[in-house]
Amino acid sequence: MEIIKTDSLEKIYSDNGVPVHALRGIDLSIQKGEYIVFAGPSGSGKTTLLNLIGALDKPTKGKVFYEGKDISQKSKKALSDFRLNNLGFIFQAYNLIPVLSALENIEFSMMLKGVEQKIRNERAFSLMKDLEIEELAHKKPNEMSGGQQQRVAVARAIINDPTVVLADEPTANLDSKTGGLLLDLMEKMNEDKKITFIFSSHDKQVIERGKRLLMLKDGLIEK
Amino acid sequence: MILKLAWRNIWRNSRRSIIALSSISVGVFAILLSDGLNTGMIEQILSNQISSSVSHIQIHNKGYNDNKVIQSIIPEPAKVEQTIKKNPEVKSFSKRVIAFGLLSSASSSTGMFIYGVDHKDEPQVSSIKDAVIEGEYLMGNDKEIVVGKKLSEKLGVGIGDKVVAMSNTPDGAIGSDVYRIVGIYATASSEFDKVNVFINIKAAQKLLEIGNDFHEFALILNDIKKLEVAKDEINRILSEGKYEVLTYRDLLPSLILQIDLYKESMWIINLIVGLALIFGIINTMLMSVFERINELGVLMSIGMKNRKIFSMIVSEALILGVIGTLVGLLIGAAVLIPLSNTGIDFSWFAAGLESWGVGSIVYPSFMIENLITTIILIPFITVIGAMYPALKAIRLEPVSAIRYV
């Protein structure tokens with residue numbers, strides 16, 4: 001089942017008044033449950049593509065379809081709802097909320113959806129147990145290692161049962177062993193829960209383990 | 001969770017938050033101090049005026065207050081006295097003869113108001129007996145006179161000295177008599193002390209040649225809140241149109257206007273302090289927003305709506321405003337409640353205060369409506385101060401916020 005489709009996607013940034021073509025017309029189709037990696041050198045457009053698919057940014061031209069519906073012209077509020085209900089995000093710098101504990105960070109996405117406190121707590125603990133991070137429940141981000149923070153970030157991304165998880169350079173700040181363990185975790189989520197994972201990375205390990213690889217160069221898909 | 005997040009966000013930079021809280025607390029304390037002193041002064045002026053001569057209610061012949069002529073005596077005083085005695089709200093009353101005249105010593109003369117009073121009844125309605133600082137109060141003898149300290153200084157007289165009082169009689173002649181000073185008083189108002197003297201009512205009636213007549217009933221009530229009730233009841237019984245029944249509010253219109261104006265002006269004081277605070281809050285909240293642009297980007301990415309982000313930032317300011325106001329109130333209470341009992345000694349510029357009728361010691365006091373205004377207005381102003389930073393935050397684009405360095 002096709003979950004995401006892009007149609008002649010273009011993005012032009014202005015860099016001090018000089019237009020920069022980050023994407024030059026991307027046509028792409030992603031099926032539900034895929035485990036796909038956008039790879040390419042810096043400036044190739046992989047993060048821009050991820051941001052457009054993740055409804056964090058709007059295309060200059062072209063469209064993004066989610067389950068057949070055009071999301072590229074939705075309002076800011078509608079996109080916010082869309083992200084909350086359908087997507088999960090994992091960032092390079094983990095980006096946990098520093099004043100919340102690991103458990104609260106995971107619960108936070110559920111709180112935004114209006115899930116009751118008791119249910120939030122039960123679900124967050126259960127997931128932490130599954131990911132073997134329950135001992136981190138009451139630790140603040142600054143009390144955790146990078147690997148631990150990124151595992152909590154994965155839990156936060158999947159706690160609302162999203163259809164798609166977008167991960168931007170998730171292993172860039174981790175050593176290869178920790179990065180490998182994190183990828184194991186995400187592969188398991190992909191296989192067990194059929195969550196679609198879309199990565200943007202130039203980490204060799206991520207690229208090698210991708211089930212589908214899209215190489216980008218100068219704003220276009222190479223293969 | 002939003003409130004929890006807001007609370008924790010405040011304390012992630014505790015030094016900055018404590019500075020912001022301190023500025024709010026100091027602002028609230030400054031409002032309380034200013035309000036306490038001003039209200040205290042106004043209440044003291046009013047209370048001193050009431051206790052020195054004005055009393056709660058005065059009853060006169062119709063038109064007396066506008067034209068205080070000797071001939072304007074109270075008609076049928078026995079009927080009025082009976083009405084007063086029957087009124088349950090009246091605690092005490094005194095009859096007064098009042099005239100303008102000239103008081104002379106061996107060396108000097110000055111204009112004055114002569115109050116002829118009953119030496120037993122008058123202390124129940126006025127505080128002059130308690131204000132005697134030298135000698136003693138009237139004891140009922142014909143030739144006694146009690147004068148104010150300022151007036152005694154002006155005439156160069158002291159206890160035991162003789163003075164001559166002169167005043168017009170109803171038929172236009174001049175009545176005069178010699179009195180011996182038995183007491184010198186000093187109230188909170190040096191202006192009052194300069195022009196008012198007290199003699200016994202019989203002596204005053206003799207001086208003015210008005211028989212047993214008099215000009216005023218001065219009344220003190222059991223409960224000042226029943227002022228209008230008592231006035232209406234007396235007016236109802238004395239309804240022939242021969243009398244005027246006036247409360248201190250009718251008798252001191254400029255002071256009452258001043259009190260009313262002051263109540264209104266508290267808004268302006270609050271607003272001025274609030275304006276000073278608002279820029280501090282804007283600065284604090286802007287810094288707080290700029291420090292966590294990345295974090296705001298992440299919150300937006302994971303689906304936090306602008307409304308909630310806005311609420312979170314405004315809540316942070318509201319918490320600062322509420323805590324700052326409460327701390328300011330506590331400091332104010334700790335400092336001003338003891339001072340409201342002991343008073344603040346302003347004797348270094350007592351002359352200025354005494355001419356206003358305040359007294360050198362000011363007892364801070366509060367109007368509950370002013371306190372409520374401060375409690376509501378200051379946190380509200382902090383919320384207003386957070387609007388601009390909150391708007392800045394929600395105008396961020398998630399993708400640029402996440403990338404922000």
Side-chain angles (χ1 to χ4, degrees), chain A residues 11 13 22 47-48 50-52 54-59 75-101 104-117 120-121 140-142 153 156-160 162 165-166 168, chain B residues 1-18 284-285 287-317 319-320 323 390-405:
Chain A
K11 182 71 188 178
Y13 291 113
T47 298
T48 304
L50 200 73
N51 288 338
L52 291 175
L56 294 174
D57 204 357
K58 287 192 173 181
S75 69
K76 210 173 170 182
K77 185 176 176 294
L79 288 178
S80 187
D81 276 335
F82 168 73
R83 291 193 296 268
L84 179 64
N85 293 317
N86 300 290
L87 307 180
F89 289 90
I90 300 165
F91 304 98
Q92 178 179 339
Y94 329 128
N95 291 86
L96 297 177
I97 299 163
V99 293
L100 298 182
S101 67
E104 289 166 336
N105 263 287
I106 297 165
E107 277 187 48
F108 194 77
S109 302
M110 281 189 282
M111 186 277 291
L112 294 176
K113 281 188 91 169
V115 179
E116 247 177 73
Q117 162 83 53
R120 285 200 314 245
N121 206 262
K140 295 269 173 68
N142 62 0
R156 177 178 68 181
I158 62 173
I159 190 72
N160 277 338
V165 170
L166 299 131
D168 186 13
Chain B
M1 187 73 107
I2 294 288
L3 273 179
K4 190 197 271 186
L5 193 56
W7 172 257
R8 290 187 190 171
N9 280 335
I10 288 171
W11 300 112
R12 64 203 296 175
N13 190 331
S14 51
R15 193 185 338 182
R16 187 175 59 211
S17 297
I18 286 168
T284 302
M285 298 312 297
M287 282 166 68
S288 166
V289 165
F290 281 124
E291 268 177 15
R292 46 194 169 125
I293 285 181
N294 282 120
E295 196 178 311
L296 292 168
V298 171
L299 292 174
M300 288 173 172
S301 304
I302 63 176
M304 190 167 180
K305 289 191 186 68
N306 282 348
R307 184 167 46 83
K308 284 194 170 159
I309 291 174
F310 190 89
S311 306
M312 179 181 76
I313 292 165
V314 168
S315 300
E316 290 169 22
I319 291 170
L320 284 175
I323 295 176
L391 283 172
K392 275 283 222 197
I394 62 171
R395 280 181 190 150
L396 292 169
E397 289 299 328
V399 71
S400 48
I402 295 167
R403 282 192 199 144
Y404 185 83
V405 182

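Note that these values count all heavy atoms, side chains included, but never hydrogens, waters or copies made by symmetry.
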Measuring heavy-atom distances to chain B, does [X] have an atom under 4.5 Å in its side chain, in its backbone, in both, or in neither?
X        : value
A:Tyr94  : neither
A:Lys140 : side chain
A:Asn95  : both

Once you round to the nearest 0.5 Å, how far does [atom1] of [X] lie from [atom2] of [Y]?
X        : Y        : atom1 : atom2 : answer
B:Ile302 : A:Phe108 : CD1   : CZ    : 5.5 Å
A:Leu87  : B:Ser301 : CG    : OG    : 10.0 Å
B:Ile402 : A:Asp168 : CD1   : CG    : 8.5 Å
A:Glu104 : B:Leu5   : CD    : CG    : 9.0 Å
B:Glu397 : A:Lys76  : CD    : NZ    : 4.5 Å

*B:Gly303 versus A:Ser80, closest heavy-atom pair with distance*: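 Closest pair (atom of B:Gly303, atom of A:Ser80, distance): O-OG, 3.4 Å.
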Any side-chain heavy atom of [X] sitting closer than 4.5 Å to one from [Y]?
X        : Y        : answer
B:Lys4   : A:Met111 : no
A:Val99  : B:Arg292 : no
A:Ile97  : B:Leu299 : yes
A:Leu112 : B:Lys305 : no

*For atom NZ of A:Lys113, decide whether the heavy atoms of other residues, nucleotides or ligands shown that lie under 6.0 angstrom number more than 12.*
yes
_Are there over 12 heavy-atom neighbours, none belonging to B:Arg12, within less than 6.0 Å of that residue's CZ?_
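Yes, CZ of B:Arg12 has more than 12 neighbouring heavy atoms, counting only those of other groups under 6.0 Å.
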*What part of B:Leu296 lies closer than 4.5 angstrom to a heavy atom of chain A: side chain, backbone, both or neither?*
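Answer is neither: B:Leu296 stays 4.5 Å or more from chain A.
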_With a 4.5 angstrom heavy-atom cut-off, is it the side chain or the backbone of B:Lys308 that approaches chain A, or both, or neither?_
side chain
*Residue among A:Pro98, A:Gly54, A:Ala55 with most heavy-atom pairs under 4.5 Å to chain B*: A:Pro98
